[in-house]
Amino acid sequence: MTVAVNAVLSPTSERRPMSWSTPLTYALALAVAAVSIAPVAYVIIGGFRTTPQIVADPAGLPDPWVWDNYSRVLTQSHFWQQAFNSAVIALGTTLGVVALGVCAAFVLARYSFRGREALYTFFTLGLLFPAGAAILPLYLMLRDLSLTNSYYAVILPQVAFSLPLTIVILRPFLSAIPRELEDAAAIDGTGRLGFLWRIALPLSRPALVTVGVLAFVASWNAFLLPLLVLSDVNLHTLPLGVQNFSSQYTTDTAGVLAFTSLAMLPALLFFTLAEKQIVGGLQGAVKG
């Protein structure tokens, strides 16, 4: 009797594992994608319209398609100067973040010393510190050091604020490398730095690409810090250029959309091309 009752109850009493391939999951994913993509698409397509078209039908498509807005922006010398400034600052920030982050994460992952976990906790607490809260004292410090109106005034603070996330992502990758590889490298005469350069860095490529792309995109889109420390117009970045252009051409909505599209396009393409590497790097950091 008991066996029969268990046989009857067991199919209904067992819980099926939750599946992520349900129609509701796909619907939610599509909704999130639409919310993320729609503003970007609106800005890009809006640059191919005229301002009267946008006023008459804000959600409409270009009819006809207008290329003058983009060509007018691309022929401005200020745009290319601002693009150059953004590229120099973003690349400098990326190199600094990756270089210093790898050094710090390697020490915290492969060396054993007193206070290691406390030091790692100190870095992770940096994720909770908003950069906006330090803008005023940071500006005063940069002014006292005579670094304002220079690339360093933007690069150095951005590197400092990006290090916590960089170390959090890189440390699990460097910790997951088997000790046997390090011992074998030591037997072959490879030191710590040789092991880092020849073995650890190639194995941690997804994490390196992840932190590099995140640092580049964040630096490219930075607005508040360059606004405060770069008063020289010749040093302005593209986000500041968007503000200057929109202030100068307040009635040219289509032109502002075209300028905004071109300003965000490099970071958007860079992020899209490295998407798979970013996902792999974040998955490895979570597993670690």
Partners meeting side chain to side chain donor-acceptor pair (under 3.5 Å) with [X] (sequence neighbours left out):
X: R114; answer: none
X: T51; answer: D252
X: Q81; answer: N85
X: N149; answer: S231

Co-members of the apolar cluster containing [X] [side chain, <4.5 Å]:
X: F223; result: L227, L240
X: L125; result: L128
X: L28; result: L24

List the atom pairs, with distances to 0.1 Å, where a side-chain N or O of residues 186-200 and a protein N or O form a donor-acceptor pair under 3.5 Å, not counting sequence neighbours.
unit_1: T190; atom_1: OG1; unit_2: A185; atom_2: O; d: 3.4
unit_1: R192; atom_1: NH1; unit_2: R110; atom_2: O; d: 3.4
unit_1: R192; atom_1: NH1; unit_2: E182; atom_2: OE2; d: 3.0

Which word best sums up how the rings of F245 and Y249 line up, parallel for under 30°, tilted for 30 to 60°, or perpendicular for over 60°?
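Plane angle between 30° and 60°, so tilted.
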Under the rule for ring pair (Phe, Tyr, Trp, His ring centres under 6.0 Å), what residues qualify as partners of F79, not counting sequence neighbours?
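So F79 forms a ring pair (Phe, Tyr, Trp, His ring centres under 6.0 Å) with F259.
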Are the side chains of S71 and L74 in touch, meaning some heavy atoms are under 4.5 Å apart?
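With C-beta onward as the side chain, the pair stays apart.
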L95: partners by side-chain contact (heavy atoms from CB on, under 4.5 Å), with sequence neighbours left out
none
Kindly write out the residues that satisfy side-chain contact (heavy atoms from CB on, under 4.5 Å) with L265, not counting sequence neighbours, or none if the list is empty.
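side-chain contact (heavy atoms from CB on, under 4.5 Å) list for L265, sorted by chain: L269.
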Within 45° cone and under 6.0 Å: R116 NZ/CZ vs Y111 ring:
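No, a cation-pi geometry is absent between R116 and Y111.
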So, the side chain of W80 versus the backbone of T75: is there a donor-acceptor pair under 3.5 Å, distance only?
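Judged by distance alone, no pair lies under 3.5 Å.
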Treating S86 as the side-chain partner and A83 as the backbone partner, does any N or O pair qualify as donor plus acceptor under 3.5 Å?
no
Applying a strict under-4.5 Å side-chain criterion to I, L, V, M, F, W and Y, I'd like to know whether F123 and L127 cluster together.
yes
Verdict with reasoning, Q158 to S219, per side-chain hydrogen bond (donor to acceptor under 3.5 Å, both in side chains)
CA-CA 7 Å; Q158 287 184 159; S219 176; 2.8 Å; yes
Could you give all pairs that pass the salt bridge (Lys or Arg N to Asp or Glu O under 4.0 Å) test and reach residues 80-95, with sequence neighbours left out?
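Listed once each, the pairs would be none.
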